[in-house]
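Keep in mind the model is a prediction, meaning the values are calculated, not measured. Residue numbering restarts at 1 for every chain, and letters A, B, ... go by the order of the sequence lines.
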Amino acid sequence: MVRLKSRYLLCEVCVSDRRNLSLLDDRAIYTATKAAVARAHGDYGAALSSLGFSVKYLNAHTGIVFLRCRKSHYRLLWSALPFITSLENRGQRVPCFLNCLHVGGTIRTCQKFLVRYNTQQLHRMLPLCQSEAERSEIRKSVLSCTLKKEADDEEEEDE
Amino acid sequence: MRRADIQDEPATYERLVYKNTSVYHYMRISLVLENESTRLSAAQLKQLIVSGLRDLYGEVGGAFPFDLLTFDESTLTGVLRVYNSGLVKLWSALTLLGFYQNELCFFRVTQVSPFLLTLSGNSRELELD
């Protein structure tokens with residue numbers, strides 16, 4: 001039985017100003033990525049990548065994005081990600097860059113990676129904390145990291 | 001089944017098979033323009049091919065290295081050299097190239113070969129005395 005395989009690129013949107021992060025929406029990322037692939041790989045790349053491409057998940061609080069594409073040409077998309085310099089949303093241009101953290105075959109594996117990554121980020125944040133209240137807050141979030149809960153509930157800071 | 005008293009004879013010859021001897025592919029092309037009297041220099045031809053590659057394959061494709069080995073300005077024929085991995089891209093870009101400075105044109109590919117020696121003659125231009 002022929003199975004249509006896909007690759008999920010787990011990317012993090014890094015902006016200089018955190019307030020702009022909440023303005024993100026998936027249409028902006030979709031158009032920006034398509035334009036970047038068209039610029040980097042031409043008509044061939046634009047046509048090939050538009051076949052199975054979609055933005056599956058976007059978290060405006062942490063800036064995590066799941067991009068879904070076909071397995072045969074996920075590298076085209078991956079190599080065009082560094083060429084994205086800004087996201088356009090309702091007339092406002094937000095300069096940013098997309099950092100690819102993980103490539104997975106299913107959404108579930110990407111979520112598992114995300115939980116591990118978030119715990120690592122929290123561990124890194126622990127020594128930087130100023131007050132005891134923040135520290136206990138972080139310890140509580142680390143202990144409660146599971147796949148059952150929403151993976152984006154934890155506080156995460158961009159390093 | 002082999003009989004026990006038959007010994008293997010030592011091999012008297014050795015046969016070597018190369019899968020890919022040549023790293024490059026060579027193409028003899030000729031440019032046909034709508035206006036017969038337009039002349040191009042070698043640099044302009046290379047610029048045209050690079051622009052065709054860039055339209056079809058983007059910045060990454062347009063940066064693929066290829067060389068114009070010879071170019072005859074009067075007949076607008078030349079020989080291109082490209083790495084094996086880029087042959088399909090170059091050939092498809094040449095096929096889809098249609099315009100040179102708002103003038104209709106097309107590329108005709110007469111010969112393609114991994115060896116340059118093959119391009120020295122072809123049966124179309126063979127003269128039998």
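- In the hydrophobic clustering (ILVMFWY side chains linked at under 4.5 Å, chained through shared members), B:Leu104 is joined by B:Phe99.
- A single hydrophobic cluster is seen to contain both B:Leu90 and B:Leu116, as judged by linkage of ILVMFWY side chains at heavy-atom distances under 4.5 Å, directly or through other members.
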For a quick check, list the donor-acceptor atom pairs closer than 3.5 Å between chain A and chain B, or say none.
residue: A:Arg39; atom: O; partner: B:Glu59; partner atom: N; Å: 3.2
residue: A:Ala40; atom: O; partner: B:Glu59; partner atom: N; Å: 3.0
residue: A:Ala40; atom: O; partner: B:Val60; partner atom: N; Å: 3.0
residue: A:Asp43; atom: N; partner: B:Asp55; partner atom: O; Å: 3.3
residue: A:Asp43; atom: N; partner: B:Leu56; partner atom: O; Å: 3.0
residue: A:Tyr44; atom: N; partner: B:Leu56; partner atom: O; Å: 2.9

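- The hydrophobic clustering, which links ILVMFWY residues whose side-chain heavy atoms are closer than 4.5 Å, places A:Leu76 and A:Val103 apart.
- B:Leu119 and B:Phe66 fall within a single hydrophobic cluster, where Ile, Leu, Val, Met, Phe, Trp and Tyr side chains are chained together by heavy-atom contacts under 4.5 Å.
- Linking ILVMFWY residues whenever their side-chain heavy atoms come closer than 4.5 Å, directly or via other members, places B:Leu69 and B:Leu48 in the same cluster.
- Residue A:Leu51 places its CG atom among more than 12 non-hydrogen atoms of other residues, nucleotides or ligands, all under 6.0 Å distant.
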